[in-house]
S.K.: 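If you scroll down you'll find the structure; I have some questions about it.
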Amino acid sequence: MTYLDRQSIRNEMKFKVFFTEIDTLYRWLSNNSDLKKAHPQRTISSIYFDTTNYDFAYSNMTGESKKLKVRARWY
């Protein structure tokens, strides 16, 4: 693996966060030293769609290699 390859690795962590836990999430994010800014300041808006049974989220969290992510995103 070259230096450039190591720099371009993308890591994702997904959590189910309830509205009442948002303060805990913000504290965790501010204390996590592994996070760094990768892009200049910008606004990214996304809306994710799922079934009433959260089928898309479940397939993602269980690690299915072929999954569906339905979203609308704008910059």
Side-chain angles (χ1 to χ4, degrees):
M1 184 182 300
T2 68
Y3 176 76
L4 182 59
D5 292 335
R6 284 193 302 272
Q7 291 297 100
S8 62
I9 292 174
R10 176 180 168 172
N11 294 312
E12 287 189 23
M13 293 185 293
K14 297 184 189 274
F15 303 92
K16 185 175 187 178
V17 178
F18 296 96
F19 183 74
T20 57
E21 300 169 325
I22 288 178
D23 288 340
T24 303
L25 172 66
Y26 286 153
R27 273 194 305 279
W28 181 84
L29 288 172
S30 68
N31 292 328
N32 188 335
S33 62
D34 293 337
L35 298 175
K36 62 181 179 178
K37 190 177 230 179
H39 300 283
Q41 187 67 30
R42 61 186 175 169
T43 300
I44 303 171
S45 300
S46 300
I47 300 173
Y48 291 86
F49 300 91
D50 206 334
T51 67
T52 55
N53 293 327
Y54 302 105
D55 294 324
F56 302 154
Y58 180 78
S59 68
N60 185 47
M61 290 187 281
T62 57
E64 287 184 30
S65 61
K66 293 185 179 182
K67 55 189 165 264
L68 184 61
K69 183 189 290 188
V70 181
R71 72 177 171 212
R73 176 178 283 176
W74 60 97
Y75 300 85

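What you see below is based on every heavy atom in this structure, not just the backbone, and it leaves out hydrogens, waters and symmetry mates.
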S.K.: Other than Phe49, which residues form its hydrophobic cluster under the rule that side-chain heavy atoms must be closer than 4.5 Å?
M.R.: Ile47, Phe56, Leu68, Val70, Trp74

S.K.: Do other residues, nucleotides or ligands put more than 12 heavy atoms under 6.0 Å from the OH atom of Tyr54?
M.R.: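 Count not over threshold, so no.
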
S.K.: Other hydrophobic cluster members with Tyr58, side-chain heavy atoms of Ile/Leu/Val/Met/Phe/Trp/Tyr under 4.5 Å, chained?
M.R.: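 So far as hydrophobic clustering goes, Tyr58 is joined with none.
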
S.K.: Distance from Ser59 atom OG to Lys67 atom NZ, nearest 0.5 Å?
M.R.: 7.0 Å

S.K.: Counting N and O atoms only, with roles assigned by atom type, does the side chain of Asp50 sit under 3.5 Å from a partner on the main chain of Asp55, one being a donor and the other an acceptor?
M.R.: yes

S.K.: Go through the structure and list residues passing side-chain contact (heavy atoms from CB on, under 4.5 Å) with Thr20, not counting sequence neighbours.
M.R.: Phe18

